[in-house]
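To keep things clear, I will list the structure first and then write my remarks on it.
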Amino acid sequence: MDVPATLKPVQKPTSDAQTHNGAELLIKTLADLGVDTIFGYPGGAVLPIYDALFNNHDLKHVLVRHEQAGVHAADGYSRSTGKPGVVLATSGPGATNTVTGIATAMMDSIPLVVLSGQVPTSVIGNDAFQEADIVGITRPITKQNYLVRDVNNLESVLREAFHIATHGRPGPVLVDMPKDMLNSRAKFKGTKDVDIPSFKPTIHGHQPQIAKAARMLSEAKRPLIYVGGGAILGEAWKEVTEFAERLNIPVTTTLMGLGAFPESKPQSVGMLGMHGTWYANMAMTECDVLLAVGARFDDRVTGRLNGFSQNSRKIHIDIDPSCIGKNVDVEVPIVGDVKRVIPAIDKLATPPQISEWWDTIHTWKKEHPLVVPKADDQIYPQHMIKMISEITEGNAIVVTDVGQHQMWAAQHYQYNHPRSWITSGGLGTMGFGFPAAMGAAMACPDRDVVCITGDGGFQMLTCELATAVEYKIPVKIAIMNNACLGMVRQWQQLFFDNRTSYSVFGSNNPDFVKMADAYGMIGMRATNPKEMREVLEKGMAIKDAPVLMDFSVVKEENCYPMVPSGAALFEMVESDEECKK
Amino acid sequence: MTKDYRHTLSVLVKHNLNTLSRIIGIFSAKGFELASVTFASEADPGMARVTITTYGDEKTVEQINKHLHNVVDVLKVTDLTHKKCIERELAIIKVSTAKVGRPEIMLIAQAFKAKVIDITSDKLALEVTGNTDKVDAMIEVLKPYGIAEMSRSGSVALKREFQGAVNIN
């Protein structure tokens, strides 16, 4: 961004052992809070911060090419590690560019701290150059946000921001910092304790409710555990897995919960919801006791509400009370941290007698497996995911964009580890995948990171190829290229009489391999299964640089099973033919 | 959303406009009803009290309650609906005296224990205090005479200390 003309030249901060200017204080506090990486983009209002970052060795600053990508990268960094992601943007357009990224993090409860520059306090409200009321703009999409006018409050606000972002139900917090505040001086206090009387999330569940839940599960005939993203955010995967295995109760995970329970375990019935497995959706429909663990009964999970799991008594554990009873009435609400509540239920519950229920589920699994087309000389999307799963041995961090490829990646990659599946579930943000994968790859240098993306979503933030090359981020970009917006096209085909309005790119897509070449990175293309294996094996072997792999897949393939919009879970369809009926 | 219940929520918050905006934002973003809202400083420095009246069934108001609690700077939410509480609203009403003359309007004012606070050749300004029902009732009575302008404060309310059987309201 240009340097705002309204801003006076900045005095070089004099080094003074007693006090620091706001910018130095910011860096010092971030380092003290354990932040090692920030994703940012400079501009006029944040020049004091960039000056403080010059030759700074406490923090690694990653220069992205678009602020939205910076937020997604910080988001990917957070989802792969559990640590809060940190973003830095300048005032006005820099700050507004972060909005989609912040909303993405808010919907999926990802802890982020977004630092934005602001015009000097004297001109706030005057429509100054590069001024935007970012606190006002981001209010509905942040857990909390601040405008710091007094440098003496900066350190405590930052500590509060990190505390709020990471405690209770996590979420993004924005701190807006006027330029004159960044140039004013104050002492670094180093007081680590944060006490916010109005912010005390409930951690331990209510004991009588826990006892009731344990009794219901022990006596159940057809129980089901429904695990959401809360089990990942609350790092409760070990507790959930031990609990489900000991009680031998079937487990379904939501899109956000993939990896919280290993899909290799016999108790797993895979993902449920709009593109969930047939047997998970049937188990949800037929169960008599439902234990929801850090899940929020999203519309993509429930389908038509009055056809959703009608005969079950429901137990819901969530750290956010407003999630309980929002969409679905619950008999046993338990507000608390799943990591604490699950072991407490485990202590009181006995394995239910459910061999008949298991027989039913096994029959469903046999009769309605996930649909995979017969192999021929073309690349089917499902085969592409299965081959990536095979070559990475299910150990990669898979990051996706949004659409058909996302659903196929959710269905056909076997997720056995938490924090290994990164996707924009709630907001469904196209463009999220590639920058989030960069963030994950920077946070986890010892793991393979595969960005499974579509030709649509990838094109939303291709500018980040420059970032990936500059920092040698070893992210493997696998483009499922069907030359169209597959999910839009699928809906148009199925529900709009095949009128594919503005969803087909066809030959208007760029040559992605040449694009990679232009950025100075390796690009490869595959058009048949044999080439796909060669490209994937070659690509996955590259450990010190990004690589782009363009896979031309069968264009007409649709994603099934599918619960059509407005239908109940049990009304899911498994093929185009069935859908037309 | 059923409109059968009017709820009064008393919310203790940290005194800043961001908090007030977040509270109002819950109602606009989630589509809840907002009948009235008042916001003013508390006795404790740095604190403020927001009194909200809203309509909705029990389930809706429970959600409102939970969302209010989720606002970081909200310290306490009290639903006064089913509690014994002291609730007052103030209204200033300018009534036309053209049709019936001053004495009749003043008689009505007297009945409602309202004060005359301004007089002009063709209007009387009345100040009335009471619970919302009383203010509503007085407005209804005055409507046929022609209400030129009016301004209502919205409800302010607090829980009664004595929650026993005797109702001295």
Side-chain angles (χ1 to χ4, degrees), chain A residues 103 106-107 109 124-125 133-150 153 157 160-176 194-202 296-297 316 318-330 333 335, chain B residues 1-2 5 7 9-34 37 39-52 54 56-79:
Chain A
M106 184 70 172
M107 285 288 266
S109 310
I124 287 180
D133 172 16
I134 199 64
V135 169
I137 291 170
T138 60
R139 198 172 284 130
I141 52 166
T142 49
K143 194 171 165 189
Q144 175 68 311
N145 56 10
Y146 303 87
L147 169 64
V148 185
R149 288 172 180 272
D150 182 349
N153 297 335
V157 166
E160 210 174 291
F162 277 81
H163 180 85
I164 290 167
T166 51
H167 287 72
R169 181 182 182 179
V173 177
L174 178 133
V175 180
D176 200 21
V194 176
D195 181 50
I196 312 165
S198 57
F199 180 72
K200 305 273 184 214
T202 309
R296 60 182 174 92
F297 294 89
H316 190 179
D318 207 296
I319 200 155
D320 178 1
S322 74
C323 274
I324 299 179
K326 181 177 66 179
N327 299 334
V328 170
D329 288 332
V330 170
V335 178
Chain B
M1 203 190 289
T2 53
Y5 258 113
H7 287 254
L9 305 173
S10 181
V11 191
L12 188 64
V13 301
K14 256 168 95 174
H15 194 311
N16 66 56
L17 288 179
N18 198 14
T19 309
L20 180 63
S21 294
R22 280 186 179 271
I23 287 173
I24 306 292
I26 290 170
F27 287 83
S28 57
K30 312 270 175 191
F32 299 132
E33 298 261 341
L34 186 57
V37 57
F39 171 83
S41 303
E42 257 280 308
D44 275 347
M47 302 300 292
R49 187 172 297 276
V50 184
T51 309
I52 292 165
T54 179
D57 53 24
E58 290 295 328
K59 209 182 139 184
T60 307
V61 176
E62 190 188 322
Q63 275 299 316
I64 293 174
N65 213 311
K66 286 173 173 177
H67 282 295
L68 288 170
H69 268 292
N70 272 358
V71 175
V72 170
D73 285 337
V74 166
L75 214 73
K76 198 174 175 197
V77 184
T78 316
D79 187 349

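Below, read A as the first sequence line, B as the second, and so on, with proteins coming before strands; counting in each chain starts at 1.
B:Lys66 contributes atom NZ, which lies 9.0 Å from atom SG of A:Cys323 (distance to the nearest 0.5 angstrom). Rounded to the nearest 0.5 Å, atoms OG1 (B:Thr19) and CD (A:Gln144) are 6.5 Å apart. Rounding to the nearest 0.5 Å gives a distance of 9.5 Å between CG of B:Asn16 and OH of A:Tyr146. B:Leu68 CG to A:Ser322 OG: the interatomic distance, rounded to the nearest 0.5 Å, is 10.5 Å.
Residue A:Asn145 touches chain B through both its backbone and its side chain, counting heavy-atom pairs closer than 4.5 Å. Both the backbone and the side chain of A:Ile324 come within contact range of chain B, with heavy atoms under 4.5 Å apart. Interface remark: B:Asn18 contributes backbone and side-chain atoms alike to the contact with chain A (heavy atom separation under 4.5 Å). Proximity to chain B (any heavy atom under 4.5 Å) is shown, for A:Pro321, by both the backbone and the side chain. With a 4.5 angstrom heavy-atom cutoff, B:Val74 touches chain A only via backbone atoms.
A:Ser198 and B:Asp73 make their closest contact through OG-CA, 3.7 Å (heavy atoms, listed as atom of the first residue, atom of the second, distance).
Residues of residues 20-28 of chain B lying under 4.5 angstrom from chain A, judged on non-hydrogen atoms, are B:Ser21, B:Arg22 in numerical order. Below 4.5 Å, heavy atoms of chain B meet heavy atoms from A:Ile164, all part of residues 162-171 of chain A.
Evaluated for a side-chain contact (heavy atoms from CB on, under 4.5 Å) with A:Lys326, the options B:Lys59, B:Glu62, B:Gln63 yield exactly one hit, B:Gln63.
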